[in-house]
*Asks:* 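The structure under discussion is supplied below as structure tokens; questions concerning it will follow.
Each ligand, and each atom within it, is numbered from 1 in the order the structure gives.
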Amino acid sequence: MNPLLSRLHPYPFEQLAALLADAAPPADRPHIALSIGEPRHAPPAFVGDALLQRLDRLAVYPKAGGLPELRHACARWLERRFGLGADAVDGEAMVLPVNGTREGLFSFVQAAIDPADGGLVMMPNPFYQIYEGAALLAGAEPYYLDTRAENGFLPDLDAVPDADWGRCRILFICSPGNPTGAVMDEDYLARVLALAERHGFIVAADECYADIYLDERAPPPGLLGACLRQGNARFRRCVVFHSLSKRSSVPGLRSGFVAGDPEIMSAFRLYRTYHGCAVPEMVQLASVPAWDDDAHAAANRKLYQQKFDAVVPILGEVMPVERPSAAFYLWLQTPGDDEQFARALYAAENVTVLPGRYLSRPHGDGDPGAGRVRISLVAELDECIEAAHRIARFVSTQTRGGAGPG
Ligand SMILES: Cc1ncc(COP(=O)(O)O)c(C=O)c1O
């Protein structure tokens with residue numbers, strides 16, 4: 001087997017299962033899982049209906065390039081969502097459907113990396129685990145850009161030596177960020193674009209939380225918009241990854257798309273022809289109305305806003321908590337070690353959260369995930385409130401018990 005497989009890290013949820021395996025949570029309190037970032041709001045009925053109406057497509061092999069009606073719906077959504085202007089995105093040459101961004105992110109790296117060249121794939125740290133796994137299996141070297149509170153949870157671009165930028169082949173950015181919820185503004189994105197031009201690397205922007213933000217007046221900007229404002233109308237060196245999983249609460253549909261530089265997209269399309277990961281046509285056709293309709297996405301977003309409004313003040317009574325700009329996570333500082341916190345919280349309150357270190361790698365001056373846990377506000381509002389009360393009770397007991405903030 002491929003020896004690179006041995007370089008993969010255990011997936012965070014396997015680590016969490018091992019951590020909690022022999023803990024005995026109280027039986028009188030129902031389990032509340034805030035560990036996995038799986039949207040759990042009811043999927044819009046019209047998407048399910050559209051899927052059922054197109055079951056005749058079970059009889060056809062889908063093509064790697066996808067259906068024009070989906071590519072065009074994605075292009076029009078990008079133009080609306082990011083204010084790109086009519087026809088800024090060419091649905092024929094610049095868009096490809098993928099089976100969710102996870103699959104798209106992974107396969108993109110396999111298509112883009114030359115394994116003989118020893119290049120770097122740069123990524124935020126902590127990060128969505130697929131960036132690293134994809135880099136390792138493509139034969140590239142992962143390079144971690146810490147995202148800490150002192151830098152607004154964004155990579156410090158000035159801290160990277162020019163020689164390292166020179167070896168960079170793909171820079172992953174994630175805005176809104178998982179797990180921090182941080183958003184890159186236009187100035188930051190312009191700096192990323194300037195670096196990509198100077199050093200000749202691809203910018204791969206994971207924007208799958210683009211429609212989940214807390215301030216209705218401030219939708220997070222995206223990379224394609226920044227390209228246009230920098231005069232890069234053909235999105236040279238840039239690709240963006242989008243998904244219906246969060247926007248429409250349909251993680252099981254496995255529907256997303258990649259869009260950007262037509263030269264890169266053409267090579268990616270060739271790769272996908274052989275990889276055999278074309279999106280089933282009934283999924284594509286059910287995705288068209290989901291990209292076309294913004295009202296359900298706004299209603300979905302409102303549910304997350306309500307959860308932040310309710311949960312942040314409860315936790316704020318006992319611990320430092322920052323309301324993020326976007327996405328559906330709290331990246332909470334723990335009083336003491338994050339693994340111990342997650343285990344003890346589960347044992348005391350039957351609530352699962354994810355230790356920050358499972359999402360990060362120790363690097364340079366420490367581990368940016370240490371001393372934090374990720375809390376996904378995916379459960380129903382009542383459950384999130386109940387979980388926040390249990391966490392608050394647990395933290396105040398611990399602090400009174402002398403564990404103290406560490
Ligand atoms: C940052 C990030 N990117 C990509 C994904 C994958 O989402 P999907 O494959 O459902 O589009 C996730 C899912 O949790 C994520 O958090």
*Asks:* Hey, is the main chain of Gly91 close enough, under 3.5 Å, to the side chain of Arg71 for a donor-acceptor pair?
*Replies:*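 Answer holds: yes.
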*Asks:* Among all the protein's non-hydrogen atoms, which is closest to atom 5 (C) of ligand 1, and how far away is it?
*Replies:*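 Here the nearest protein heavy atom works out to Tyr128 CZ, 3.3 Å.
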*Asks:* Between Lys246 and ligand 1, which residue portion shows a heavy-atom distance shorter than 4.0 Å: side chain, backbone, both, or neither?
*Replies:*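 The side chain, only.
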*Asks:* Out of Phe172, Tyr209, Phe328, whose heavy atom is nearest to atom 15 (C) of ligand 1?
*Replies:*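 Selected option, by shortest heavy-atom distance: Tyr209.
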*Asks:* Below 30° counts as parallel, above 60° as perpendicular, anything between as tilted: where do the rings of Trp165 and His199 land?
*Replies:*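 Ring orientation of Trp165 relative to His199: parallel.
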*Asks:* Tyr358 and side chain to side chain donor-acceptor pair (under 3.5 Å): which partner among Glu339, Gln15, Glu14?
*Replies:*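 Checked Glu339, Gln15, Glu14 against Tyr358; only one passes side chain to side chain donor-acceptor pair (under 3.5 Å): Glu339.
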*Asks:* Does only the side chain of Phe241 get under 4.0 Å from ligand 1, or the backbone, or both, or neither? Count heavy atoms.
*Replies:*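 It is neither part, as no heavy atom is under 4.0 Å.
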*Asks:* Going by heavy atoms, is Pro251 under 4.0 Å from ligand 1?
*Replies:*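 So Pro251 does not count as touching ligand 1.
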*Asks:* Where the closest heavy atom to atom 3 (N) of ligand 1 is concerned, which of Leu253, Asp206, Asn99, Leu244 has it?
*Replies:*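 Among Leu253, Asp206, Asn99, Leu244, the closest heavy atom to atom 3 (N) of ligand 1 belongs to Asp206.
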*Asks:* Tell me yes or no: between the side chains of Gln230 and Glu197, is some donor less than 3.5 Å from an acceptor?
*Replies:*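 The answer is no; no qualifying pair exists.
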*Asks:* Atoms of ligand 1 less than 4.0 Å from Cys174 heavy atoms?
*Replies:*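 So the answer, numbered in order with elements, is 1 (C).
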*Asks:* What are the atoms of ligand 1, with element, lying closer than 4.0 Å to any heavy atom of Arg254?
*Replies:*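 Reading through ligand 1 atom by atom, the close ones are 8 (P), 9 (O), 10 (O).
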*Asks:* Do Asn350 and Arg390 have side-chain N/O donor and acceptor atoms under 3.5 Å apart?
*Replies:*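 Per modelled atom types, Asn350 and Arg390 side chains form no pair under 3.5 Å.
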*Asks:* At what distance is the nearest protein heavy atom to atom 10 (O) of ligand 1, and which residue and atom is it?
*Replies:*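 So the nearest neighbour among protein heavy atoms is Ser245 OG, 2.6 Å.
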*Asks:* Give the atoms of ligand 1, by number and element, whose distance to some non-hydrogen atom of Gly100 is under 4.0 Å.
*Replies:*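 This gives 9 (O), 11 (O) as the contact atoms.
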*Asks:* Determine, for Tyr188 and Arg191, whether the Lys NZ or Arg CZ falls below 6.0 Å from the six-membered ring centre while staying within 45 degrees of the axis.
*Replies:*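 Yes, a cation-pi geometry.
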*Asks:* Would you mind running through ligand 1 and noting each atom that sits below 4.0 Å from a heavy atom of Thr101?
*Replies:*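 Checking each atom against Thr101, I get 4 (C), 5 (C), 6 (C), 7 (O), 8 (P), 9 (O), 11 (O).
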*Asks:* For the rings on Phe394 and Phe341, is their centre-to-centre separation under 6.0 Å?
*Replies:*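 Yes - the distance between ring centres of Phe394 and Phe341 falls below the 6.0 Å cut-off.
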*Asks:* Tell me, which pairs form a salt bridge (Lys or Arg N to Asp or Glu O under 4.0 Å) where one or both residues lie in residues 275-291, sequence neighbours left out?
*Replies:*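 As it turns out, the salt bridge (Lys or Arg N to Asp or Glu O under 4.0 Å) pairs with a partner in residues 275-291, which skip direct neighbours, are Arg57-Glu281.
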